[in-house]
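Okay, so here's the structure we're looking at.
Everything numeric in this text was worked out from a predicted model, so none of it was measured.
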Amino acid sequence: MSEPTSSKDLKAAPGRAVVIYDGTCGLCQGSVGWVSRRARPDAFEFLPCQAPERHARYPAMAEATCMEAIQLVLPDGRVLGGADALPEILRRLRGWRWAAALFRLPGAGLVAPLAYRWIARNRYRISCAIGTSRA
């Protein structure tokens with residue numbers, strides 16, 4: 001699970017959520033592309049964890065936090081990490097709001113974080129296996 005971050009330190013542009021992701025991971029880049037193609041206009045801003053702009057805008061966010069899991073900074077400053085960010089991302093996509101409800105099904109609160117952590121820990125191997133590696 002990601003460490004909590006103070007909302008006073010983090011703000012997104014009005015109405016836009018900021019998706020902070022591992023910019024060196026092919027799977028992560030592919031996921032960001034998939035989300036951006038389906039997102040409502042001005043729903044997201046995408047920022048690689050490694051970008052100098054991320055360090056400047058979100059200095060309180062530890063490097064380890066954004067390398068461990070996707071971070072979603074909401075316009076009000078709240079930060080959702082890993083599996084907790086997924087339903088909110090889905091709610092902001094055209095035609096995918098229904099999928100956010102799947103995270104409220106019985107057992108989803110146990111399964112989603114476990115599945116997310118496994119994928120996050122193995123993302124570079126998965127990237128190579130599916131041919132999205134940057135190497």
**Report entry** Gln29 to Gly23 - nearest heavy-atom pair and separation
**Finding:** NE2-O, 2.5 Å

Query - Atom CZ of Arg97: over 12 foreign heavy atoms under 6.0 Å - result: no

Requested in this report: Mind checking salt bridge (charged side-chain N to carboxylate O under 4.0 Å, His left out) for Arg91 and listing every partner two or more places apart, or none if nothing turns up?
Outcome: Glu88

Report task. Following the transitive rule for hydrophobic clusters with a side-chain heavy-atom cut-off under 4.5 Å over Ile, Leu, Val, Met, Phe, Trp and Tyr, establish whether Val111 and Phe103 coincide in one cluster. Result -> no

Query raised in the report: Is there side-chain contact between Tyr21 and Pro48, with heavy atoms separated by less than 4.5 Å?
Result: yes

Query raised in the report: Side chains of Trp96 and Ile89: closer than 4.5 Å at any heavy-atom pair?
Result: no

Query raised in the report: How would you list all residue pairs meeting salt bridge (charged side-chain N to carboxylate O under 4.0 Å, His left out) that involve residues 26-39, not counting sequence neighbours?
Result: none

Requested in this report: Would you confirm whether Gln50, through its side chain, and Asp22, through its main-chain N or O, come within 3.5 Å as a donor-acceptor pair?
Outcome: no

Query - Asp84 side chain vs Leu80 backbone, donor-acceptor pair below 3.5 Å - result: no

Query raised in the report: Hey, does the side chain of Arg40 reach the backbone of Leu93 with a donor-acceptor pair shorter than 3.5 angstrom?
Result: no

Query raised in the report: Could you state the interatomic distance from NE2 (His55) to SG (Cys49), rounded to the nearest 0.5 Å?
Result: 6.0 Å

Query raised in the report: Just by distance, do the side chain of Arg16 and the backbone of Phe44 share a donor-acceptor pair under 3.5 Å?
Result: yes

Query raised in the report: Closest approach of Ala100 and Pro87, non-hydrogen atoms and distance?
Result: CB-O, 3.4 Å

Query raised in the report: Does Arg54 reach the main-chain N or O of Met61 with its side chain, forming a donor-acceptor pair under 3.5 Å?
Result: yes

Query raised in the report: Trp118 and Leu110: same hydrophobic cluster, using ILVMFWY side-chain contacts below 4.5 Å?
Result: no

Query raised in the report: What pair of heavy atoms forms the shortest contact from Pro113 to Ala108, and how long is it?
Result: CD-O, 3.7 Å

**Report entry** Min side-chain heavy-atom separation Pro41-Arg94 under 4.5 Å
**Finding:** yes

Requested in this report: Kindly indicate whether the side chain of Arg57, heavy atoms from C-beta on, has any atom under 4.5 Å from the side chain of Val73.
Outcome: no

Requested in this report: Keeping the roles fixed (side chain from Gln71, backbone from Ile20), state whether a donor-acceptor pair exists under 3.5 Å.
Outcome: no

Query raised in the report: Ignoring hydrogens and geometry, is there a side-chain-to-backbone donor-acceptor pair from Tyr116 to Ile70 under 3.5 Å?
Result: yes

Query raised in the report: Between Leu105 and Trp98, is there a shared hydrophobic cluster once you connect ILVMFWY residues whose side-chain heavy atoms come closer than 4.5 Å?
Result: yes

Query - Inter-residue atom distance Leu102.CG - Leu86.CG, 0.5 Å rounding - result: 11.5 Å

Requested in this report: Run the numbers on Leu47 and Tyr58 for side chain to side chain contact (heavy atoms under 4.5 Å, CB included), then give the verdict.
Outcome: CA-CA 11 Å; Leu47 195 56; Tyr58 306 110; 3.8 Å; yes

Report summary line: Minimal heavy-atom distance between Cys28 and Arg123, with the atoms involved, is SG-CD, 3.6 Å

